[in-house]
Amino acid sequence: GGQSAPSAPPATSAAQEGSGAKFAVITHGAPGDSFWDVVKNGAEAAGEQYGAQVTYQGDGDPAKQSQLIDQAVSEKVDGIVVSMANPDALKEAIGKAVAARIPVVTINSGAGSSKAFGAVTHVGQSEDVAGRGAGEQLKAAGVTKLLCVIHEAGNVGLDQRCKGAEETLGGTVERLQVDVSNLADVTSKVTAKLQSDQQVNGVLALNPAIAVAARDAIRDAGSQARLATFDLSADVVEAIQAGEVLFAVDQQQYLQGYLPITFLNLYKANLNTVGGGLPVNTGPGFVTKDNAAQVAELAEAGTR
Amino acid sequence: MTAADERLAHVGLARRLLIRPELGAVVGLVVVFAFFAAQSPVFRSPAGIANWLDPAATLGIMAVAVALLMIGGEFDLSAGVLTGTSGLILVTLATRFGVSVWLAMLAGLVVALAVGYANGLVVTRTRLPSFIVTLGTFLMLQGVNLGVTKAITGTVQVSGLRRAEGFEGASAIFAGTVQIGGTSFRVAILWWILVTAVATWVLMRSKAGNWIFAVGGDEQAARAVGVPAARTKIALFMTTAFAAWLVGSILALRYTSVQANIGIGQEFIYIIAAVIGGCLLTGGYGSAIGAAIGAVIFGMADKGIVFLGWDADWFKLFLGAMLLLATLANRLVRRYAEEVRH
Amino acid sequence: MTAADERLAHVGLARRLLIRPELGAVVGLVVVFAFFAAQSPVFRSPAGIANWLDPAATLGIMAVAVALLMIGGEFDLSAGVLTGTSGLILVTLATRFGVSVWLAMLAGLVVALAVGYANGLVVTRTRLPSFIVTLGTFLMLQGVNLGVTKAITGTVQVSGLRRAEGFEGASAIFAGTVQIGGTSFRVAILWWILVTAVATWVLMRSKAGNWIFAVGGDEQAARAVGVPAARTKIALFMTTAFAAWLVGSILALRYTSVQANIGIGQEFIYIIAAVIGGCLLTGGYGSAIGAAIGAVIFGMADKGIVFLGWDADWFKLFLGAMLLLATLANRLVRRYAEEVRH
Amino acid sequence: MILETRGIGKTFGSVLALRDVSMGVEAGRVTCVLGDNGAGKSTLIKILAGVLQHDTGTLLVDGAEVRLGGPRAALDRGIATVYQDLAMIPLMSVWRNFFLGSEPRKGLAFDVVKARRVAREELRAMGIDVRDVDQPVGTLSGGERQSVAIARAVYFGARVLILDEPTSALGVKQAGVVLRYIARARDRGLGVVFITHNPHHAYPVGDRFLLLNRGTSLGEYGKADISREELTALMAGGAELDELEHELKRET
Amino acid sequence: MILETRGIGKTFGSVLALRDVSMGVEAGRVTCVLGDNGAGKSTLIKILAGVLQHDTGTLLVDGAEVRLGGPRAALDRGIATVYQDLAMIPLMSVWRNFFLGSEPRKGLAFDVVKARRVAREELRAMGIDVRDVDQPVGTLSGGERQSVAIARAVYFGARVLILDEPTSALGVKQAGVVLRYIARARDRGLGVVFITHNPHHAYPVGDRFLLLNRGTSLGEYGKADISREELTALMAGGAELDELEHELKRET
Ligand SMILES: Nc1ncnc2c1ncn2[C@@H]1O[C@H](COP(=O)(O)OP(=O)(O)OP(=O)(O)O)[C@@H](O)[C@H]1O
Ligand SMILES: Nc1ncnc2c1ncn2[C@@H]1O[C@H](COP(=O)(O)OP(=O)(O)OP(=O)(O)O)[C@@H](O)[C@H]1O
Ligand SMILES: [Mg+2]
Ligand SMILES: [Mg+2]
């Protein structure tokens, strides 16, 4: 569904009619992160469709995340959607939710622990799977030495993506830390790396804004490195069409927001469970020159 | 106290009380609580209170220590990351090297105190501003946290503390819960109250407290009357480090795993809580209770917005407005109480 | 200057020069440059220099403005986010509402100056510490940036500025490059030099400069001799806002898209650069050139580590050590120059 | 009367610092304000200088009631002040402090060459030979610092000169210079308010003497109404000093 | 000799503040240090008090050469000081300031009840009646603040009492009290160093007079060697004050 309306002001986001259920989505993404924003859009679109009230919160600190889960439990919501970058840390909080008979759907990462923690189902595929996919594609493009640009030091998800790529690439993967809130800095650091290490012939950005900055860097450094990225933005799609970006990993994270709400709604109404103990995979898909045109508009609308 | 003096106008008890730095903060507290409690029944329910008191407690422990340091005229930007370092040492030693949890905690304490000591020593020896010195420590610890964690475990998080020896006991003391009237409150709240009480006693009723106010108010003048300024400051840095260790251990035991980037950015939240609680950024003025209350105000605003179910996109807008209003209420009350004084 | 006085020991020119705040920073600059240049030929090549000078320029513009504000005794934590706000306004207006780039920039300028004015007004009226006030603005702007961007575009970033009317011209002036000896340097470097020169003139050779030092050194005393302290401070906040708008526009024009969370966390880097450059956190002392040099030191250390190819995991460790050493070198040189003085 | 207060009062929180004090400053006359420590002298002159606002009573400038919004308002009316505790900006150089708030201009710029020269000259005229007007004020000796403040006020004083214990940190020679300055300002037709604890300083230059005690006025005396001995007695509550001397001697 | 300096000197950057000054402090004797503004008096006593370290010459305590590492070292040797510019912590209350660095204890705790009481009593004994010892020092008047510093030094002074212009901000009455304190300390066998610009204060209590001029010593005189008139003349460079009075009168 691409009809996501711009998010409504707080007062009116309450359910008007329909199921009237209340679901909480709690992720480990920082507010304003482009990947998680699409998840949020998906969840809210589903909520609107079912007339359910969906609240979205995100915090990269597992302690804060579990506090948010605790809060949702004390509010007695009808279902919780949670991403588990750090399953160990969330175990207790999710346990409390399950004990309070609140259905939990886990998304994105943490597929391995989902069932053990008592979650209804798991949607999405973990970051390392996506990373592996990217690694394969880059290998096929002839990349032997890859620069993986980490824009948030210590972020588990980003680290897993790089690690996944490392597993399938076969060559060497070097990590570079940059500051996502200062793009001039990103360009300059990637340039510095390319200038000082001529062997690097591939760059993997983990965020579309970083991809744009890295594109400039490759140009500035006069390097021949191939560039790939995670996630989409209008600029990235343009760059893909122009051949400046090889491909973008598209985890279809919209589904990681949309599906869990759907499942929880069904579970509430009909006690349905999905997946039969296996995770429901949402990707990875790849946006390349071939399919970029179709995706472009959707990316602009915030659903891809 | 003094014999009546014709130059003293009569001043009510209420006004006298309001002059205390912490009692200004109480007004902010009441305002913020009333605001959220009026709109969200969950917020004022015992479960809700237990909910927002929990993050306020860990923040409060740090805010109180940081307040002491700020009263002493210094900052510690490395405090947030140091909670991560302490936690990482605890979990890594206990899970990868088979050390018992208690011993691992001790090791964390030793390292934390060493970092605090180093901060204090460098600040007092080089006379560089502590803002810059602890910024250096902040960056270096960040690098060490990430580098060592990756080198030892290959990932950016260590987990599995639950299976370590001595976990049960340590967890009960530092990360357990207490039942009060059917609601379970985190034991961290007790630690927070304890830390605040001790800090208040030290500040108001001990020699060291007098020295802390003095080195923060005017270090040269304090030194001139024989206050051991360097020792006082080093002790303050070590106090902050101790608090960081305590909070780091509490969090590690509770979540049984630690991420290498934990605590980054928290250092400013500690300072914010202390300032909301009435501490002067320039040193020499403030109170421990005020900082503890500042932590509650911050915790309430932070969690209250979630309880109200306001859109997360606008979250920061509300948070900012809330903080500003709380500090302003605090200030207005104090102004009324002491009139213009400069 | 004065007639020879028997109470003046002879002091060499070198020492006299070193007393200036900015010339202490120069030593840090030379040390850091020498360190990296010795090990990395690319670092000292024209292309390498153009590369690390570029982020130093945008940082430097902000650092200089922030330095003025700090000399005037205040902080602005909202400066980083305000660069994002200005950029977002520019791109959103130009791409979603069909406004020309020039007009959109003007709108951004008006909003930025209004924010700066509001900061200054609240600080001078309420006498709350600027740390807390601008922290409030920081949080609120963060919320507004994200909330408004999402409300208008449905995503967390706006892009497509390249197709807007007037883009070519504006881009050439604010985001273009200049060829010098076969290497292309960013035009931001020129803006940075211009801003530094103007700020230095204002500080050293204008009435306003005298007032800035005075309100930062002792606001009460300055007010007592008739310095319009409130107006001076408001003007300083607006200067910082202007710089934020300039940097925000430069970056928006260069990348033709802006993310809603851009600039967060940068505010401290500005302060760090100013402090490395010799500004006192307590106000009343510092220089614009020093801050500009501080930005270069930070930029060199930040990029130099990448040039050397050191392990990314340990990056922050090196950065922290480097900053500490640069500030220490700066301080030692100044100490030698002026001896113990208290 | 250039400046006049009628029944003026000031409270700090619970402290009544000043109650119902009336005084006047005339052109060409020196009004000495005398009183014990904490009597409210500084508070009174801070009200005259616009640093503090009075709570009760009225303040008149040139016969018209005003409320000085700040020190700028007073300065603009030609009232220059040397404060006892709001002195200088320690980190700023002597010449910058000297001209602070009234910088000489040269086109758009602050005329630093002139500022340096004038500051040096004015200080030398006071018998203070600062080595280097670029020296930060914070590194000057107590008396040197006070001299800078006095030189500044004298230089900028247009109609009224207010001096709060200007001679307290000064040597005998420098104090003499200041007294001579006061006399000269008076002769130029300025109104002077002079606070001191030293009757030997007050009597030679004073024309009227306002006596404050614990925040209230004990009355204003013309020079004709009072002898030096009476003044000393009033200030010290008896012929303290002489008696003291005997006492100190006896014990030796 | 409790304290002695031999050819002591001190430089600040390019400023030679003190050159080759020799002096001594004896038990039961008052040494007055006299000199113009900027002569180096404060610098000298800061060296005696351990706040500054001398660059040249030697400092002897009880005849043994020492280098005082800091004010604590001096305090531990019974040397208490009232500084001219390093005074009090403005945000701290009177009683906290009074006992700062030498807090009375009661078990582990700071005995605040005693501290409040003693501070109030000592100040009252000086003729300063602070309303409220909980008042922050920053809100006291200039003279009240100085009185607190003096009362503290007198209370803690064990062997040597150093006073840098203690009477400058004081009223005649309070100055008399301080002079009496000095005499009493001397009678108790303390060595006193007393800096003042007022010959009327210096002569009655002083036993020896050290004259400083532009950083160098003009010599040390015993009381027997010098009359009050000579002293005044030396301090003022001539019978300045009397002459001045005529001058001031003439112009009127
Ligand atoms: N800001 C303030 N807050 C509270 N009390 C104050 C404040 N300023 C002054 N006071 C009190 O008001 C009284 C008068 O103070 P003021 O400074 O006017 O005295 P003064 O006559 O100048 O004394 P001195 O000769 O010692 O300078 C003092 O007792 C002082 O403690
Ligand atoms: N930290 C410093 N840096 C540079 N110069 C200084 C410093 N401290 C003092 N001086 C200079 O040394 C000289 C002596 O100063 P000192 O304070 O000892 O004078 P003083 O005799 O106490 O004068 P006063 O009677 O005015 O208090 C002064 O000219 C002063 O400018
Ligand atoms: Mg006074
Ligand atoms: Mg002196």
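In what follows, chains are A, B, ... by sequence order, proteins preceding strands, each numbered from 1. Quantities reported herein were computed from a predicted structural model and do not represent experimental measurements.
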Problem - Residue part contacting chain A, namely of C/Thr256, when any heavy atom lies under 4.5 Å - result: both
Handout entry: A/Glu238 portion near chain C, given a 4.5 angstrom heavy-atom threshold
Key = side chain
Exercise for the section: Enter the distance from C/Ile269:CD1 to A/Asp179:CG here, rounded to the nearest 0.5 Å. Expected result: 6.0 Å
Exercise for the section: Flag yes if more than 12 heavy atoms outside C/Gln39 fall under 6.0 Å of its CD atom; otherwise flag no. Expected result: yes
Fill in the blank from the handout: Under 4.5 Å to a heavy atom of chain A? For C/Ala260 that would be neither
Exercise for the section: Below 4.5 Å from any heavy atom of chain C, which atoms of A/Asp33 appear? Answer side chain, backbone, both or neither. Expected result: backbone
Problem - Top contributor to chain A interface from C/Val156, C/Thr58, C/Ile262, C/Asn261 [non-hydrogen pairs under 4.5 Å] - result: C/Val156
Fill in the blank from the handout: Turns out that what part of A/Leu194 lies under 4.5 Å from chain C's heavy atoms comes down to neither
Handout entry: Side chains of C/Ser257 and A/Asp235, donor plus acceptor under 3.5 Å
Key = yes
Problem - Residue-level interface, residues 204-214 of chain A with chain C, non-hydrogen cut-off under 4.5 Å - result: A/Asn207, A/Pro208, A/Ala209, A/Val212, A/Ala213
Completion exercise
On a heavy-atom basis, the closest approach of A/Ala184 and C/Tyr255 is CA-OH, 3.4 Å
Problem - For A/Lys193 against C/Gly309, the heavy-atom pair lying closest together - result: NZ-CA, 3.8 Å
Practice task
Kindly say whether C/Gly265 contributes a backbone atom to a donor-acceptor pair with the side chain of A/Ser181 at under 3.5 angstrom?
Solution key: no
Fill in the blank from the handout: Turns out that what part of C/Asp313 lies under 4.5 Å from chain A's heavy atoms comes down to both
Handout entry: Shortest non-hydrogen contact from C/Asn51 toward A/Ala192
Key = ND2-N, 3.1 Å
Exercise for the section: Would you check if A/Asn182 and C/Pro55 make a side-chain contact, meaning some heavy-atom pair closer than 4.5 Å? Expected result: no
Fill in the blank from the handout: Nearest heavy-atom contact between A/Asp216 and C/Arg254 is OD2-O, 4.2 Å
Handout entry: Side-chain heavy-atom pair A/Leu183, C/Leu251 within 4.5 angstrom cut-off
Key = no
Handout entry: Segment of A/Val180 engaging chain C (4.5 angstrom heavy-atom cut-off)
Key = both
Handout entry: Contacting region of C/Asp311 [heavy-atom separation from chain A under 4.5 Å]
Key = neither
Fill in the blank from the handout: Counting heavy-atom pairs under 4.5 Å with chain C, the top scorer among A/Arg175, A/Lys189, A/Arg215 is A/Lys189
Completion exercise
Of A/Ser233, A/Ser196, A/Ser188, A/Ala30, the largest count of non-hydrogen pairs under 4.5 angstrom with chain C goes to A/Ser188
Completion exercise
chain A shares the most heavy-atom pairs under 4.5 Å, among C/Arg162, C/Gln259, C/Gln142, C/Arg186, with C/Gln259
Exercise for the section: List the steps and the verdict of side-chain hydrogen bond (donor to acceptor under 3.5 Å, both in side chains) for C/Lys150 and A/Asn41. Expected result: CA-CA 10 Å; C/Lys150 280 234 41 184; A/Asn41 286 346; 2.6 Å; yes
Problem - For C/Val306, the option from A/Leu176, A/Thr191, A/Asp197, A/Val190 that meets side chain to side chain contact (heavy atoms under 4.5 Å, CB included) - result: A/Leu176
Fill in the blank from the handout: Cut-off 4.5 Å, heavy atoms of chain C, and the answer for A/Asp185 is both
Practice task
Assess the side chains of C/Gln157 and A/Asp37: does a donor N or O sit below 3.5 Å from an acceptor N or O?
Solution key: no
Handout entry: Distance-minimising heavy-atom pair for C/Gly48 and A/Gln195
Key = CA-OE1, 3.8 Å
